[in-house]
Number of protein chains: 2
Amino acid sequence: MDSSRRSFTRESAEHRREALIRATLTLIGRKGVQAATVRGIADEAGVTLGLIRHYFDGKDDLIYAAYQAHMSQLTDATMEGPRQAGEPAAHQLARIVRASLTPPVSSPQAVGLWAGFLNMVQRDPRMAEVHSRTYYDFRDRLQALIAPALEEAGETPTPERLRALAIACNAVIDGLWLEGGALPEAFGPGELVNIGLTSVGAILGLTLNDPGEET
Amino acid sequence: MDSSRRSFTRESAEHRREALIRATLTLIGRKGVQAATVRGIADEAGVTLGLIRHYFDGKDDLIYAAYQAHMSQLTDATMEGPRQAGEPAAHQLARIVRASLTPPVSSPQAVGLWAGFLNMVQRDPRMAEVHSRTYYDFRDRLQALIAPALEEAGETPTPERLRALAIACNAVIDGLWLEGGALPEAFGPGELVNIGLTSVGAILGLTLNDPGEET
DNA sequence: CTTATATTTATACAAACGTATAACAACAAG
DNA sequence: CTTGTTGTTATACGTTTGTATAAATATAAG
C-alpha cells in the first residue's frame, strides 16, 4: 500500500514552461508528432500531466509555443555571431551558409521537428503565421546581406533582381539543409558546406570563401 | 428501428486499395497526420473501417503504401514527358524545373503531405527507406541530364563535380518547390519557375530557356 | 510556529483510437 | 433457382487520448 505522494519542488512559471516546451520538442523530434501526447510530454519533463493545463491553455497552445521556440532557436543558431565592424558582407554570408548546413541547425532532429510542424501549418492559422513569419524573416536577413555583398563586388542590383536572388539563395540553403538533416549519411563531412558556398556564389556571381570552423 | 444494412457493391482488390490510399493522402494533405484515422479514412473512401484491415495489415501498412504512392506520383508528374529524340538535355532539364515548381507538384497539399510523411521517417525504417530511395532516384535522374547538358555546352565535368552539381540543383529545386507549395501567395505567377531556371542555369554555368506551358 | 496561497499531484471521465470478430449480402458458379 | 464464397458491414473491446476537477503539499508571509 504505497499511499505516498510523489515529492516535488515548486519552480518559476518561466522555468516550467521552458521545460515543457523542451520536452515537447524532444518528443516530436525523436518519435514524431504522434508521440507528443500530454502524458508523454509530462513524463519527459518530469512532471505530471496536470501541469500542462496549468501553464498552457491546452495541448494545442503548448504545440504552438514549441513551434515558435524551435523556429527562433533555429534562426538564432543560424545567424549566430554579429557582423564584425569592417567585415565584408560576403564573409558573413559564408558564415551563415556554414552554420545552416552543419549541426545542430542541420540535423535529423531539427529537420524532423520542422517537418512535423509544417504538416500542422495548413490546419492551424496560428501555425501558418509562424511559418510565414519565419520564412520572411530569414529571407529578409539574407537579402540585407546580399545587397552589400554585391555592392562590394561593384554591382548594384535592381530591387526585382535582389528579391529573386534572395529567394534563390534561401531555396538552395533550405534544400541543402533539408537533405543534409534528413539523410546525414548521404554526404561527406563538409561536402554540403562546400556545395552551399559554391552554389550561393554561382547564383550571386561571387566567390565565397569557406569561413572555417567557428571557435 | 432502422435495422437496414448499408448497401454496397463489390470492387476489385486493386480498386479498393487505391481508393483507400487516395483517401489517406487526401486526409493527411488537408488536415494533417492526426486526421488520418481509420474511421476518417474509411469515411473519405466511402467504406466502413473494417475494410482497411481487410486490404492492409493495419493502419501503418496503409500509411506506408500511401507514402510510396505519393512519392512515385510526385516523381512521375515531375518527370512527365520523355525526352524527345534529338532534344537538347538542357531543354528537358528546363521542363523538369518548370514541372517541379508549378501545381500540382508544387502545391500546399503535396508539400503538407510530404512533410507529414517526413516526420515519420525517423521513427519507421520502412518510411526512411522510401525517403532515401526517392531522394536518390530524383537526384540520379537529374544527374543523368546534367551530364549531357554540360557536354552540349562543351564541358566534361569530373564525377565529383557532377555529383556536386546534381546535389546543388536538386537542393535549389527542392527549396523552391517547398516554399512555393507552403507559401503560394508569396510569389507571383511564374516567378518561381523563372528563379528556378535562372538558378539552375547559374549553378551549371548554362542558360536555360523557359520551356513554356505544357499542352 | 501558523496560516494562506497556488503549484503540483492524483484521479476521474467521456470521446476517439486501432484492432478483432461475427453477421450479412453481393456476386459467381452450378 | 440454389448454393458457396468472400467482400463488406456492423459491433464490440481494451487502450489511449485531451480535458476537468478535487486533493495534497511546498513555499512564502505573518
Side-chain angles (χ1 to χ4, degrees), chain A residues 1-24 27-28 31-67 116 119-120 123-124 126-127, chain B residues 1-24 27-28 31-67 116 119-120 123-124 126-127:
Chain A
M1 249 131 22
D2 185 11
S3 70
S4 68
R5 269 196 167 221
R6 168 175 178 170
S7 74
F8 62 91
T9 59
R10 294 187 168 191
E11 301 280 354
S12 72
E14 193 173 355
H15 189 271
R16 278 278 193 254
R17 283 179 62 95
E18 192 184 308
L20 287 169
I21 287 175
R22 185 166 41 239
T24 304
L27 238 48
I28 299 183
K31 296 285 183 181
V33 181
Q34 318 201 32
T37 65
V38 287
R39 285 167 182 81
I41 292 168
D43 264 24
E44 179 73 28
V47 296
T48 53
L49 83 173
L51 261 200
I52 290 177
R53 292 270 315 177
H54 193 263
Y55 285 110
F56 296 91
D57 284 349
K59 188 197 169 190
D60 287 355
D61 193 42
L62 171 55
I63 297 284
Y64 172 65
Y67 187 24
N119 183 249
M120 306 176 190
R123 175 180 64 222
D124 187 335
R126 293 194 311 170
M127 301 292 272
Chain B
M1 239 67 97
D2 184 11
S3 70
S4 67
R5 272 198 165 218
R6 167 177 178 167
S7 74
F8 62 92
T9 58
R10 294 188 168 191
E11 301 280 353
S12 73
E14 193 173 356
H15 188 272
R16 276 272 131 93
R17 283 179 62 94
E18 192 184 308
L20 287 170
I21 287 174
R22 184 166 42 239
T24 305
L27 238 48
I28 299 183
K31 297 284 180 180
V33 180
Q34 317 201 33
T37 67
V38 288
R39 286 167 180 81
I41 293 168
D43 263 23
E44 179 72 28
V47 296
T48 54
L49 83 174
L51 260 200
I52 290 177
R53 292 270 315 178
H54 193 263
Y55 285 109
F56 296 91
D57 283 349
K59 190 198 168 188
D60 286 356
D61 194 43
L62 170 55
I63 297 284
Y64 173 65
Y67 187 24
N119 184 249
M120 306 176 190
R123 174 179 64 220
D124 188 335
R126 291 194 312 170
M127 302 292 272

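Reminder, nothing fancy here: chain letters follow the sequence lines and each chain counts from 1.
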Pull out every protein N or O sitting under 3.5 Å from an N or O of nucleotides 14-18 of chain D, one pair per line with the distance.
{"from": "D:dG18", "atom 1": "OP1", "to": "A:K59", "atom 2": "NZ", "distance (Å)": "2.6"}
{"from": "D:dG18", "atom 1": "OP2", "to": "A:V38", "atom 2": "N", "distance (Å)": "2.8"}
{"from": "D:dG18", "atom 1": "N7", "to": "A:R39", "atom 2": "NH1", "distance (Å)": "2.9"}
{"from": "D:dG18", "atom 1": "O6", "to": "A:R39", "atom 2": "NH2", "distance (Å)": "2.8"}

Exercise. So do A:Y67 and A:M120 actually touch side chain to side chain, heavy atoms under 4.5 Å?
Worked result: no
Exercise. Looking for any heavy atom pair under 4.0 Å, which part of the strands does B:T48 touch: base, sugar-phosphate only, or nothing?
Worked result: base
For this session: Let me know the distance between CZ of A:F8 and C1' of C:dT7, rounded to the nearest Å.
Result: 6 Å
For this session: Respond yes when some side-chain nitrogen or oxygen of B:Y55 is under 4.0 Å from OP1 or OP2 of D:dT8, and no when none is.
Result: yes
Exercise. Of the nucleotides C:dT8, D:dT9, D:dT6, which one has an atom closest to the side chain of A:L51?
Worked result: C:dT8
Exercise. In whole angstrom, what separates B:E14's CD from D:dG7's C1'?
Worked result: 16 Å
For this session: Work out which heavy atom in A:R126 is nearest to a heavy atom in A:D61; give both atom names and the distance.
Result: NH1-OD1, 3.7 Å
Problem set entry | B:D60 CG to C:dG18 C1', straight-line distance once rounded to whole Å | 10 Å
For this session: Using a strict cut-off of less than 4.0 Å between a Lys/Arg side-chain nitrogen and an Asp/Glu carboxylate oxygen, indicate whether A:D124 and B:K31 qualify as a salt bridge.
Result: no
For this session: Flag the pair B:R123 and B:D60 as a salt bridge only when some basic side-chain nitrogen lies within less than 4.0 angstrom of an acidic carboxylate oxygen.
Result: no
For this session: For B:F56, report the nucleic acid contact type (base, sugar-phosphate, nothing); a contact means any heavy atom under 4.0 Å.
Result: nothing
Exercise. How long is the line joining CZ of A:R16 and C1' of C:dA6, in whole Å?
Worked result: 13 Å
For this session: Please tell me if the side chains of A:V33 and B:V33 come closer than 4.5 Å, counting only heavy atoms from C-beta onward.
Result: no
Problem set entry | Length of the line joining B:L20:CG and C:dG18:P, which is rounded to integer Å | 14 Å
Seminar exercise, completed: Per atom distances to the A:R53 side chain, the nearest of D:dA20, C:dT8, C:dA20 is D:dA20
Problem set entry | Spacing of A:E11 atom CD relative to D:dT25 atom P, expressed in whole Å | 19 Å
Problem set entry | A:H54 side-chain proximity, nearest of C:dA6, D:dT27, C:dC27 | C:dA6
Exercise. Quick one: on DNA chain C, does A:R10 or B:S7 contact a more 5' nucleotide (nearest heavy atom)?
Worked result: A:R10
Solution key, residues 40-53 of chain A side-chain donor-acceptor pairs under 3.5 Å, sequence neighbours excluded:
{"from": "A:E44", "atom 1": "OE1", "to": "A:R30", "atom 2": "NH2", "distance (Å)": "3.2"}
{"from": "A:R53", "atom 1": "NH1", "to": "A:D57", "atom 2": "O", "distance (Å)": "2.9"}

For this session: Take atom CD1 of A:I52 and atom P of D:dT19, then tell me their distance rounded to the nearest Å.
Result: 9 Å
Exercise. Hey, is the main chain of A:Y55 close enough, under 3.5 Å, to the side chain of A:R17 for a donor-acceptor pair?
Worked result: yes
For this session: Describe the nucleic acid contact of A:R6 in one word from base, sugar-phosphate, nothing, applying a heavy-atom distance below 4.0 Å.
Result: sugar-phosphate
For this session: Take atom CD1 of B:I63 and atom C1' of C:dT19, then tell me their distance rounded to the nearest Å.
Result: 15 Å
